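Take a look at the structure set out below.
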There are 2 protein chains.
Amino acid sequence: MHELDERKTKILNAIIRNYLETGEPVGSRTISKYSDLNLSSATIRNEMSDLEEMGYIIQPHTSAGRIPSDLGYRFYVDNLIAQKDKEVTEIKEFMIERTEKMEQVLKQVVKLLANNTNYATMITAPSYHRNKVKFIQLSQVDEKQILAVIVTEGNIVKNKMIPVEEPLDNETMLKLNILLNTSLNGLSLEEINLVTIARLKEQAGIHSNIISDVLDAVAASIQEDEDLQIYTSGATNIFKYPELSDSQKASELISAFEEKQQLASLVNQTLSGEEETGIQVYIGDESPVATMKDCSVVTATYELGEGMHGTIGIIGPKRMDYENVVDNLKTLKVQLDNIFKKPKGD
Amino acid sequence: MHELDERKTKILNAIIRNYLETGEPVGSRTISKYSDLNLSSATIRNEMSDLEEMGYIIQPHTSAGRIPSDLGYRFYVDNLIAQKDKEVTEIKEFMIERTEKMEQVLKQVVKLLANNTNYATMITAPSYHRNKVKFIQLSQVDEKQILAVIVTEGNIVKNKMIPVEEPLDNETMLKLNILLNTSLNGLSLEEINLVTIARLKEQAGIHSNIISDVLDAVAASIQEDEDLQIYTSGATNIFKYPELSDSQKASELISAFEEKQQLASLVNQTLSGEEETGIQVYIGDESPVATMKDCSVVTATYELGEGMHGTIGIIGPKRMDYENVVDNLKTLKVQLDNIFKKPKGD
DNA sequence: GTTAGCACTCTCACGAATAGAGTGCTAACA
DNA sequence: TGTTAGCACTCTATTCGTGAGAGTGCTAAC
């Protein structure tokens, strides 16, 4: 396939930009009038004919204007991301006002992003894979229940109630707490293997069953996160784009959003295919999720140190405002990296 | 307004039932064929004419069949709920498999209900208003952070990280813990007033600022719940009903669902207007939420003892399967009451 | 290489025509 | 008096055809 010369590039850009704005097929006359090329519509037509042959644009029908093909978008995106480096958008730090709970930060972020872009957005909590235990505490809550609190690096807190037949005395409690902390502290959740467990139980003596329960609790609370927490927002923004909002498509898309199952595969795909910037753009069929073949999907990953990472993504029409979206994701990515990496003390 | 005689009642029922199934206006011929009245279509027409005059049914246009009016639905519902007492539906206890976390139970319930009914569903967590403190525990997690764990009756656990300049020694920690527990235990969150606080701080001495932080934490974690946690499911079921799924309406409805703000008003309404069965049916305009004037809404409240209660609701087309829905809600209500009321030990 | 002009194509919006469904009314019947 | 058959009437939804508008491709001239 031939390279595009400068004029063709300009025309292609003009077409795409125009289409991004209006959502209508754009004709030769429009380009000739609104671009700074000073070419007649006829000339534009010739060039457009070429561009179509090369696969960058498409005619929905014989006498309509042209719209960008997936390849065209791809070209535009690759071009854009290479050359643009716009100033930081209005996503301010005001959202990070000491909300300790990650869950809440995520919800805020995803909502903010949806409002900012007018597209549907999603974010996943960092997966706790390989995360390390930092602190464990057992407390007697009432006669029949012990509360186990588990804190991991990154200050994720998990609670679990453990039923017991009879209350434990303070001394035993203290001993168990010390035992648990000395044995498990600093271990990643995968490093707690049968050997560790056996030794633990041995040392716990008659209370080994409580240890079992605690470990179950640890395992359970991890498991619970393994099925991936995904927050979404702005799903109804889909209705703002006619090309997506006929009953059939909208229904499928929003279902995909609700189910979150499909989003998960998106996430996995993103995590595996890393890139320099950490931002990926899927246009149409490129998307790992079939339901979204009429959309574009932009994703970014953010880090929580220690190899833990989450994904944030935007789903919109192919004619999405890539510049704005990529920008938004870039800055968000940086900010999320900061929030979660730093010991929150700062 | 006159009472309906038996024949009119039968015909009205036939009309409504038929419409519930098909969603199409139903004509006189249909009724005469499929009901056991053995009347000709002409007779039916006469009766229908009467029913229309009385306001129970409506003609969408001159030469269409009839559809139930809001009043008609109301009659049907009132009739139905009074006389029906069907066997328990398939909602089995399998959903209650020792999931300690309320949040998860709720999510499961709402999802199950959506699957079961094919309507959009919502559920709120019980509000913690008037809930009592049962247990408080501070622990030193690392050099700069203390973890406060607060357990209330009903075993709701809240965590809060508190930053400190320098670590506290064990003894102080112990003292603070004892102080907090003896002072606050058994108090409802409203009973912790300035007097209590002042006394607490006095006793804490130089560590009074930590007490402040803990109390802030308590307040914050309550506040957080005050803006009402609502889980939803099956929003896209809306697309299954043509009369709701044109782009405009569907968009509004799903937005309402996403925003959850509007659902909140639904909840409040429900909580204030209690009824014998605890189940309320809003048809069309009766709904407290304007967005839902083309829908019917069925809500139920469940209890968690001590005056705490949550709401569960179903939103669907006016022609929803009221029998099934009410049944489902009834059994769910009972089961939720059971789950949450019992001390979980069992 | 660029442009003007023109015939051609395709979509979309509009209106007319038609089939179908259902009613209301009248007259006859039990 | 209640029920029924029959028929004219009304309204909707669908189909078809038409015309306007937008945009193209091609040719010929600059």
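In what follows, chains carry the letters A, B, and so on, assigned in the order in which the sequence lines appear, proteins first and then strands, with residues in each chain numbered from 1. Model, not experiment: these values are computed from the prediction.
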Separation of [N] [atom2] from [X] [atom1] (nearest whole Å):
X	N	atom1	atom2	answer
B:Asp5	D:dG2	CG	C1'	13 Å
B:Ile31	C:dT23	CD1	P	9 Å
A:Arg45	D:dT27	CZ	C1'	12 Å
A:Met48	D:dA22	CE	P	16 Å
A:Asn46	D:dG25	CG	C1'	9 Å
A:Gln59	C:dC8	CD	P	18 Å
A:Glu53	D:dT24	CD	C1'	15 Å
B:Glu47	D:dT1	CD	C1'	14 Å

Worksheet item: Looking only at side chains, do A:Gln262 and A:Thr291 share a donor and an acceptor under 3.5 Å apart?
Response: yes

Practice prompt. Would you classify B:Ala42 as touching base, sugar-phosphate or nothing, given that sugar-phosphate means primed atoms plus P, OP1 and OP2, and contacts are heavy atoms under 4.0 Å?
Written response: base

Worksheet item: Looking at B:Asp78 and B:Arg74, does any basic side-chain N land under 4.0 Å from a carboxylate oxygen?
Response: yes

Worksheet item: Taking 4.0 angstrom as the limit, do A:Lys293 and A:Glu286 come out as a salt bridge?
Response: no

Fill in: The single option from B:Ile312, B:Leu113, B:Leu112 passing side chain to side chain contact (heavy atoms under 4.5 Å, CB included) against B:Asn328
B:Leu113

Worksheet item: Would A:Ser41 and A:Arg29 satisfy side chain to side chain donor-acceptor pair (under 3.5 Å), going step by step from the backbone distance to the final call?
Response: CA-CA 5 Å; A:Ser41 64; A:Arg29 186 119 191 295; 5.7 Å; no

Item to complete: Apply side chain to side chain donor-acceptor pair (under 3.5 Å) to the pair A:Ser233 and B:Glu258, showing each step before the final yes or no.
Response: CA-CA 8 Å; A:Ser233 183; B:Glu258 257 214 340; 5.0 Å; no

Discussion item. Looking at A:Thr124 and A:Thr311, would you say the former's side chain and the latter's main chain have a donor-acceptor pair under 3.5 Å?
Written reply: yes

Set out, line by line, the N/O atom pairs under 3.5 Å between protein and nucleotides 28-30 of chain C.
none

Discussion item. Is it the case that the base of D:dT10 and the side chain of B:Ser63 share a donor-acceptor contact (distance under 3.5 Å, atom types as modelled)?
Written reply: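 Such a pair is found, so the answer is yes.
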
Worksheet item: With distance as the sole criterion, do the side chain of B:Thr62 and the base of D:dC11 form a donor-acceptor contact below 3.5 Å?
Response: no

Worksheet item: What pairs with A:Lys8 under side-chain contact (heavy atoms from CB on, under 4.5 Å), at least two apart in sequence or on another chain?
Response: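 A:Lys8 satisfies side-chain contact (heavy atoms from CB on, under 4.5 Å) with A:Leu4, A:Asp5, A:Glu47, A:Asp50, A:Leu51, A:Met54 once adjacent residues are dropped.
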
Practice prompt. Could you give me the stems involving DNA chain D, meaning stretches of three or more consecutive Watson-Crick or G-U wobble pairs whose two defining distances are both below 3.5 Å?
Written response: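 If one scans DNA chain D for consecutive Watson-Crick or G-U pairs, the stems found are C:1-30 with D:1-30.
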
Item to complete: Using only side-chain N and O atoms of B:Ser28, determine if any of them is under 4.0 Å from OP1 or OP2 of C:dT23.
Response: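 Indeed, a polar side-chain atom of B:Ser28 lies that close.
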
Worksheet entry | side-chain N/O B:Arg66 vs C:dT23 OP1/OP2, d < 4.0 Å | yes

Worksheet entry | From A:Tyr73 atom OH to A:Ile283 atom CD1, the distance as rounded to the nearest 0.5 Å |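 Separation between the atoms: 8.5 Å.
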
